*Asks:* 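Once you've had a glance at the structure underneath, I'll fire off some questions.
To find a chain, count down the sequence lines: A is the first, B the second, and so on, and within it residues start at 1. This structure is a prediction, so every number in the text was calculated from the model and none was measured.
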2 protein chains.
Amino acid sequence: MTMQIMMADAAHGRIADRLVEFGPELDVLTLGADGTVRRGPDVLPEAFVDPEVFWISADLFRSGQLQDFLGRILRGRRARWAQVFLAGLDNPVFGSIMARGVRLTKSSAQAPAIAEFVLCHALSLLHPIAEQRLAQDERKWRYLGFREIAATRWLLVGFGAIGLEIAHRARPFGVHLTAIRRRAGPSAEADVVRPTEALLASLPDADVVILACALNSRTRGIAGADFFRAMKPGSLLINIARGALVDDDALRAGLDRGQPRHAVLDAFSEEPLPTDSWLWAHPAVRVTAHCSNAGDGVQDRGDALFLENLRRYLARAPLLNEADIADTGA
Amino acid sequence: MTMQIMMADAAHGRIADRLVEFGPELDVLTLGADGTVRRGPDVLPEAFVDPEVFWISADLFRSGQLQDFLGRILRGRRARWAQVFLAGLDNPVFGSIMARGVRLTKSSAQAPAIAEFVLCHALSLLHPIAEQRLAQDERKWRYLGFREIAATRWLLVGFGAIGLEIAHRARPFGVHLTAIRRRAGPSAEADVVRPTEALLASLPDADVVILACALNSRTRGIAGADFFRAMKPGSLLINIARGALVDDDALRAGLDRGQPRHAVLDAFSEEPLPTDSWLWAHPAVRVTAHCSNAGDGVQDRGDALFLENLRRYLARAPLLNEADIADTGA
């Protein structure tokens with residue numbers, strides 16, 4: 001018995017040869033940029049389209065077909081599982097899809113790229129690179145000491161795929177790493193793991209605080225006035241998750257006190273960030289255009305993850321990165 | 001039988017309690033900032049001063065007493081071993097000391113700090129942090145892609161303590177790391193280890209090239225015209241070793257061709273770097289004042305290394321970081 005599976009034509013172009021290995025039972029349908037659904041070269045009438053599996057790749061976002069594709073899943077009678085290219089599923093549509101009994105798996109393909117982004121920004125701010133530049137501009141031979149990264153303490157708020165990739169790169173520097181996650185309990189990848197309730201108590205020690213958690217009803221505005229009052233003076237905040245985790249007014253008041261000293265923000269409550277936002281010009285803020293995930297390895301890792309999960313789905317094995325309802329903004 | 005051991009008064013102040021554990025056979029002499037040698041509180045006449053062991057700590061450099069201290073080792077009749085605070089022993093005086101049969105051990109205490117410096121600079125140049133800054137200054141929401149660090153190839157010229165610390169921090173990013181060292185042969189810390197003769201053949205593939213070798217007759221000017229012609233266009237050169245490894249005219253010609261695209265230089269043929277050097281103002285060059293070693297953990301690690309080597313010396317065990325003649329500029 002065959003199983004219908006649907007994906008963007010562009011995604012199919014990259015993985016067609018690997019799909020062949022799954023055998024003739026896989027009935028692969030492709031959505032073209034023109035909106036037609038095809039089986040091989042032939043257009044398939046919509047009456048015959050009712051996939052069980054969907055690969056929601058970033059191609060659909062780029063071609064403007066994401067909403068159409070998600071609508072197909074919401075309406076699909078046989079829909080059972082969709083692999084999503086996103087790491088965060090806080091858009092309410094994903095809650096609706098899960099409410100229909102469709103399993104969703106998130107992507108971890110961005111995680112290595114985002115971890116690189118975090119390390120590059122953190123390291124460029126922890127060492128006195130800006131002061132070195134000033135000395136050079138003044139042609140001054142100035143021996144500038146630095147606090148070693150090895151002596152810093154990092155706090156990861158959220159410890160999913162992204163947090164793990166950050167930890168993997170940061171800990172060889174000798175940093176002390178505390179992870180906050182819903183389900184506490186030890187991890188070989190962190191020095192300490194604490195539950196969400198311990199967040200405020202963990203902030204005063206942290207030199208680097210990284211927001212890497214899902215946005216949902218319990219995390220919305222988690223970085224508010226209390227959060228910033230608890231931050232260590234001179235610390236660094238990096239948000240590569242969702243803008244709505246942060247209360248921007250509280251952030252501004254915190255920056256004025258040096259709690260934190262610097263903020264690197266890749267996500268905002270409104271995107272694109274409005275041209276008149278104060279964030280653009282604040283001397284202690286680095287603004288990036290939600291591009292911490294813009295690594296050139298993301299697409300290949302995403303395709304590979306979908307194929308691995310497809311193999312698992314067919315074998316009725318546990319799927320990688322399966323979402324639960326707390327991932328969906330609920 | 002007691003053994004005379006000599007160090008700066010400042011170093012003694014830090015480690016006196018740990019020296020006690022070695023027992024009363026250790027006859028500790030201290031050199032004060034006033035030039036007097038003391039045993040405890042008492043000034044010891046020079047006729048009774050003839051140490052077997054010396055701890056050449058950075059305190060002596062800072063107090064301007066380094067030459068005096070080295071002179072004592074050169075003249076000492078009983079001198080057998082000196083621990084040096086430096087990672088590189090290319091100053092000719094160390095060759096003279098070794099020629100007298102005195103064993104020298106280098107320091108690896110700077111290595112973690114220097115590795116941090118290398119990673120901070122490399123990462124801040126590999127990702128598009130400068131382009132992100134430009135977009136922010138223009139209030140442009142610009143999705144800037146990046147080549148992942150995971151896809152880059154690094155070439156370490158020299159694979160001693162510093163090279164190992166660099167590898168330890170770089171490899172978790174997934175980089176491909178080739179190490180060049182005098183004695184080839186596999187290492188668990190590198191993807192490939194090649195002998196010095198393979199340097200030119202290794203350059204065309206390398207995105208990041210780090211000079212981390214000793215300066216001696218075979219390495220002087222190793223980064224000359226041939227070296228830069230073999231570099232990968234768009235690559236990055238980092239020199240945290242010695243300025244005389246690099247032919248500055250050849251570097252300038254290389255930079256004009258983008259071979260390398262950027263250079264981070266912490267060591268120069270003449271230090272301090274003369275105010276009129278072209279290096280200060282070249283847009284593709286970062287100049288730092290030989291301060292890659294300026295981490296706040298260096299002093300404690302140096303003291304700990306001396307104490308560990310003292311323990312080994314007394315036990316007639318192999319010393320850590322023992323220099324050979326190729327380390328001494330010969």
*Asks:* Counting heavy atoms not belonging to B:Arg147, are there more than 12 under 6.0 Å from its CZ?
*Replies:* yes

*Asks:* Do any of residues 237-249 of chain A have a heavy atom less than 4.5 Å from a heavy atom of chain B, and if so, which, in residue order?
*Replies:*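 Residues of residues 237-249 of chain A touching chain B at under 4.5 Å: none.
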
*Asks:* Run the salt-bridge test on B:Asp137 and B:Arg133 with the 4.0 Å N-O cut-off and return the result as yes or no.
*Replies:*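 So B:Asp137 pairs with B:Arg133 through a salt bridge.
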
*Asks:* Using non-hydrogen atoms only, which part of B:Ala113 is less than 4.5 Å away from chain A: side chain, backbone, both, or neither?
*Replies:*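 For B:Ala113, the contact with chain A is made by backbone and side chain together.
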
*Asks:* Assess whether ring-ring contact (aromatic ring centres under 6.0 Å, His included) is satisfied between B:Trp141 and A:Phe268, documenting all intermediate values.
*Replies:* CA-CA 12 Å; B:Trp141 186 260; A:Phe268 305 88; 5.7 Å; yes

*Asks:* Tell me, do B:Val208 and B:Ile210 make a side-chain contact under 4.5 Å, heavy atoms counted?
*Replies:*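 The answer is yes, as the side chains (C-beta and beyond) meet within the 4.5 Å cut-off.
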
*Asks:* Is chain A contacted by the side chain of B:Arg142, its backbone, both, or neither, given a heavy-atom distance below 4.5 Å?
*Replies:* backbone

*Asks:* In a check of side-chain contact (heavy atoms from CB on, under 4.5 Å) between A:Pro260 and each of A:Asp207, A:Leu236, A:Leu255, A:Val285, which one passes?
*Replies:* A:Leu255

*Asks:* Please rank A:Gly297, A:Gly295, A:Ser124 by heavy-atom pairs under 4.5 Å with chain B and give me the top one.
*Replies:*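 Among A:Gly297, A:Gly295, A:Ser124, the one with the most close pairs to chain B is A:Gly295.
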
*Asks:* Taking C-beta and beyond as the side chain, do B:Leu86 and B:Lys106 meet within less than 4.5 Å on heavy atoms?
*Replies:*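 Heavy-atom side-chain distance check fails, nothing below 4.5 Å.
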
*Asks:* Looking at B:His290, B:Glu271, B:Arg169, which has the largest count of heavy-atom pairs under 4.5 Å with chain A?
*Replies:*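 Option with the top pair count is B:Arg169.
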
*Asks:* Under a 4.5 Å cut-off applied to non-hydrogen side-chain atoms, are B:Val209 and B:Trp154 in contact?
*Replies:* no

*Asks:* For B:Arg14, is there an ion pair with B:Asp59 - N to carboxylate O distance below 4.0 angstrom?
*Replies:*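 Salt bridge flag = yes for B:Arg14 with B:Asp59.
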
*Asks:* For the candidates B:Pro272, B:Ala170, B:Ala151, which exhibits the highest count of non-hydrogen atom pairs separated by less than 4.5 Å from chain A?
*Replies:* B:Pro272

*Asks:* Side chains of A:Phe117 and A:Thr288: closer than 4.5 Å at any heavy-atom pair?
*Replies:* yes

*Asks:* Does A:Gln136 reach the main-chain N or O of B:Trp280 with its side chain, forming a donor-acceptor pair under 3.5 Å?
*Replies:* yes

*Asks:* With a strict 4.5 Å heavy-atom criterion, list every residue of residues 125-132 of chain A that contacts chain B, or say none.
*Replies:*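 Contacts with chain B: A:His127, A:Ile129, A:Gln132.
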
*Asks:* Taking A:Ala289, A:Ala135, A:Pro112 one by one, which has the highest count of heavy-atom pairs under 4.5 Å against chain B?
*Replies:* A:Ala289

*Asks:* Quick check: does any side chain N or O of A:Asp191 sit under 3.5 Å from a backbone N or O of A:Thr178, one acting as donor and the other as acceptor?
*Replies:*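 Looks like no, no N/O pair under 3.5 Å.
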
*Asks:* Does A:Arg261, at its CZ atom, have more than 12 non-hydrogen atoms belonging to other residues, nucleotides or ligands within less than 6.0 Å?
*Replies:*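 Open.
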
